Amino acid sequence: MSAPPLSEGPSAPTFNIDFDNVPGYEGTVAGGGGGFLPPPMPSFPNPPPPQPEPSQAQWNIPSISEDTAREALALYASSKCCYSSAPAKDGVITNMEAFNTYRYRLETFTESRSTEWSQKPYHGEPVDAFTQPIPGPWDIIAQAPTLFNDSKQVIKVPYTSSMKNCHYCMGMGRVACKHCAGAGNKVCWVCHGSGNNHGDERNCHHCNGRGRENCTPCHGQGSTECSTCHGRRQLLVNINLTVKWTNNSSDYIVEQSSGLLLENLNQVTGKELFKDAQYLVYPVMGFPDLNVVSAAERLIREHQTTYSATSRILQQRQTIELIPITKVTYKWKGKSHIYFVYGNEFKVNADNYPATCCCTIM
């Protein structure tokens, strides 16, 4: 059985852009992008260095009250299905010690741009390649989101759209069927090509003795519609510009000797002591904890070196929080136990809670 000739439907004349010769977009490839485009130099100078911050009369906060500590433990116990509330109600608090610590956070809000060739089946859309000068990738206006919020926008680059014959089907709109290699039929799966039933000479009931059967996926035509151009034979191609806004954040928490792991503090907030936002921030000055000052200098240097190479820095923000940590020691049934209350949320860590049981789900 022979396959019919491939369709030769109507076609528009093609106009192909030279993919490798678009000024400002050299190296852009289809599907894989062209990599991040280096940003232009800033158009305004760095801000003047800040003056030293006035000294703070109170950089610390007092420990929480016993009532607050007890209520926090009771709420913690009630959130656990296998925890008894008895230690929270009947335990006697014997000591409360504050281990407040600082968290320095630096946020660098950046904009990066990358390009790639896009293609889709051509449906008669107008093309505009080189009808006017193509704007550079950093000259195209994009609507930025609110500062310090991640976002992405894909923009069609003006004057880069053109039409070309589909490269996959060579402009035919159809391709040879992969199931029958373009023959339109294949060996009968019942008689394996013999044309006879098993054990006798009667014609195979499935292929009527032909030994071959029509290919189901292509309906015996030997070809299927091209999956790239959807049978349109031509593609509309253009350059897409992807603009990404990213809030790059780094934290530094000063070590404290309470015994509470620093990773627990990532889940809570603290009291904001300092906040500064501008195009490029300077390290904090006059802060009493030199660990924070040193961390600020290091992170600002790392952020400005790392992100300015592939992105445009739009804004930086630095904050210092005081995170309250209270280590509570209490007695219950003659034994001493500890737990921690930390953060503005009064979150509790009590890894060795003394009244737990095992629940079995039947």
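This structure is a prediction, so every number in the text was calculated from the model and none was measured.
Counting heavy atoms from C-beta on, the side chains of Cys188 and Arg212 never come closer than 4.5 Å. Using a 4.5 Å heavy-atom threshold, the side chains of Asp251 and Ser249 count as touching. Looking only at side-chain heavy atoms (C-beta outward), Ile323 and Gln256 stay at 4.5 Å or farther from each other. Annotation: side chain of Ile253 is not in contact with side chain of Tyr102 (no heavy-atom distance under 4.5 Å). With a 4.5 Å cut-off on side-chain heavy atoms, Glu213 and His206 count as touching. Taking 4.5 Å as the limit, every side-chain heavy atom of Phe340 sits out of range of all side-chain heavy atoms of Lys347. Looking at Val341 and Thr68, their side chains never come closer than 4.5 Å, going by heavy atoms from C-beta outward. The closest side-chain heavy-atom distance from Ile140 to Ile155 is below 4.5 Å.
Leu73 and Leu75 fall into different hydrophobic clusters, where Ile, Leu, Val, Met, Phe, Trp and Tyr residues are linked whenever their side-chain heavy atoms come under 4.5 Å apart, directly or through other members. Taken together through direct or relayed side-chain contacts under 4.5 Å among Ile, Leu, Val, Met, Phe, Trp and Tyr, Val187 and Val190 form parts of separate hydrophobic clusters. In terms of hydrophobic clustering, with Ile, Leu, Val, Met, Phe, Trp and Tyr side chains grouped at heavy-atom distances under 4.5 Å, Trp117 and Val154 are assigned to different clusters. Side-chain heavy atoms closer than 4.5 Å link hydrophobic residues (I, L, V, M, F, W, Y) into clusters, and following such links, possibly through other members, connects Leu147 to Val243. Residues Ile93 and Phe346 share a single hydrophobic cluster, defined by chaining ILVMFWY side chains whose heavy atoms lie under 4.5 Å apart.
How far CD1 of Ile64 is from CD of Glu71: 10.0 Å, rounded to the nearest 0.5 Å. Atom-to-atom distance recorded for Asn247:CG and Asn149:CG is 7.5 Å, nearest 0.5 angstrom. Between the CE atom of Met285 and the CG atom of Asp276 there is a distance of 12.0 Å, given to the nearest 0.5 Å. Expressed to the nearest 0.5 Å, how far SG of Cys226 lies from NE2 of His167 amounts to 8.0 Å. The line from CG of Leu322 to CG of Asn344 is 9.0 Å long, rounded to the nearest 0.5 Å. The NE2 atom of His192 lies 11.0 Å from the SG atom of Cys207; values are rounded to the nearest 0.5 Å.
Looking only at atom types and distance, the side chain of Thr269 has a donor-acceptor partner in the side chain of Glu345 under 3.5 Å away. Between the side chains of Ser161 and Asp128, a donor-acceptor pair is found at a separation under 3.5 Å. A side-chain donor from one of Asn248 and Thr110 sits under 3.5 Å from a side-chain acceptor of the other.
Nearest heavy atoms, Lys89 versus Arg70: O-NH1, 3.9 Å. The two residues Gly211 and Cys191 have their closest heavy-atom pair at CA-SG, 4.0 Å. For Glu321 against Arg105, the heavy-atom pair with the smallest separation is OE1-NH1, 4.4 Å. When all heavy atoms of Arg103 and Leu265 are compared, the pair lying nearest together is NH1-O, 2.8 Å. Residues Ser151 and Pro145 share a closest heavy-atom pair of CB-CG, 3.6 Å. Between Arg232 and Pro121, the shortest heavy-atom contact is CG-CB, 3.9 Å.
With hydrogens and angles ignored, the 3.5 Å screen pairs a side-chain donor or acceptor of Thr28 with a backbone N or O of Tyr25. Asp90 contributes no side-chain N or O that, together with a main-chain N or O of Pro87, makes up a donor-acceptor pair within less than 3.5 Å. Under the 3.5 Å distance criterion, the side-chain polar atoms of Ser294 are left unmatched by any main-chain donor or acceptor of Asn291. Ser194 places a side-chain N or O within donor-acceptor distance of the main-chain N or O of Asn196, the cut-off being under 3.5 Å. Between the side chain of Thr160 and the backbone N or O of Asn238 there is no donor-acceptor pair closer than 3.5 Å. Proximity of a side-chain donor or acceptor of Thr101 to a complementary backbone N or O of Val254 within less than 3.5 Å is detected. Between the side chain of Tyr307 and the main chain of Thr310, no donor-acceptor pair closer than 3.5 Å is present. Checking side-chain atoms of Gln221 against main-chain N and O of His219 turns up no donor-acceptor pair under 3.5 Å.
Taking 4.0 Å as the cut-off between side-chain N and carboxylate O, Arg174 and Glu225 do not count as a salt-bridged pair. Using a cut-off of 4.0 Å between Lys/Arg side-chain N and Asp/Glu carboxylate O, Arg301 and Glu297 are scored as not salt-bridged. At a threshold of 4.0 Å, the pair Arg317-Glu107 counts as salt-bridged, since one of the basic side-chain nitrogens sits closer than that to a carboxylate oxygen.
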Practice item. Apply side chain to side chain contact (heavy atoms under 4.5 Å, CB included) to Leu236 and Gln119, showing your working. Key: CA-CA 6 Å; Leu236 180 69; Gln119 61 185 30; over 6 Å; no
**Study point:** Verdict with supporting geometry, Thr329 and Thr94, side-chain hydrogen bond (donor to acceptor under 3.5 Å, both in side chains)
**Key:** CA-CA 6 Å; Thr329 305; Thr94 58; 5.0 Å; no
Exercise for review: In sequence, state the C-alpha distance, the side-chain angles, and the governing distance for Gln318 and Tyr282, and then conclude on side chain to side chain contact (heavy atoms under 4.5 Å, CB included).
Suggested key: CA-CA 9 Å; Gln318 57 182 344; Tyr282 283 87; 5.6 Å; no
Practice item. Go through the steps to decide whether Glu111 and Arg312 satisfy the test salt bridge (Lys or Arg N to Asp or Glu O under 4.0 Å), and finish with yes or no. Key: CA-CA 5 Å; Glu111 176 185 328; Arg312 178 162 59 186; 3.3 Å; yes
Practice item. Please lay out, stage by stage, how Arg113 and Leu241 fare under the test side chain to side chain contact (heavy atoms under 4.5 Å, CB included). Key: CA-CA 7 Å; Arg113 299 192 171 200; Leu241 173 70; 3.7 Å; yes
Review point. Between Gln316 and His303, does a side chain to side chain contact (heavy atoms under 4.5 Å, CB included) hold up when you go through it step by step?
Key: CA-CA 9 Å; Gln316 287 189 309; His303 273 221; 4.0 Å; yes
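Between Phe148 and Phe109, the ring-plane angle classifies as tilted under the 30° and 60° cut-offs.
Checked against a 6.0 Å centroid threshold, the rings of Tyr104 and Phe287 do not count as neighbours.
When the shell of 6.0 Å around CG of Asn266 is examined, it contains more than 12 heavy atoms from other residues, nucleotides or ligands.
For the ring-ring contact (aromatic ring centres under 6.0 Å, His included) with Tyr339, the lone residue among Trp332, Tyr353, Tyr330 that qualifies is Tyr330.
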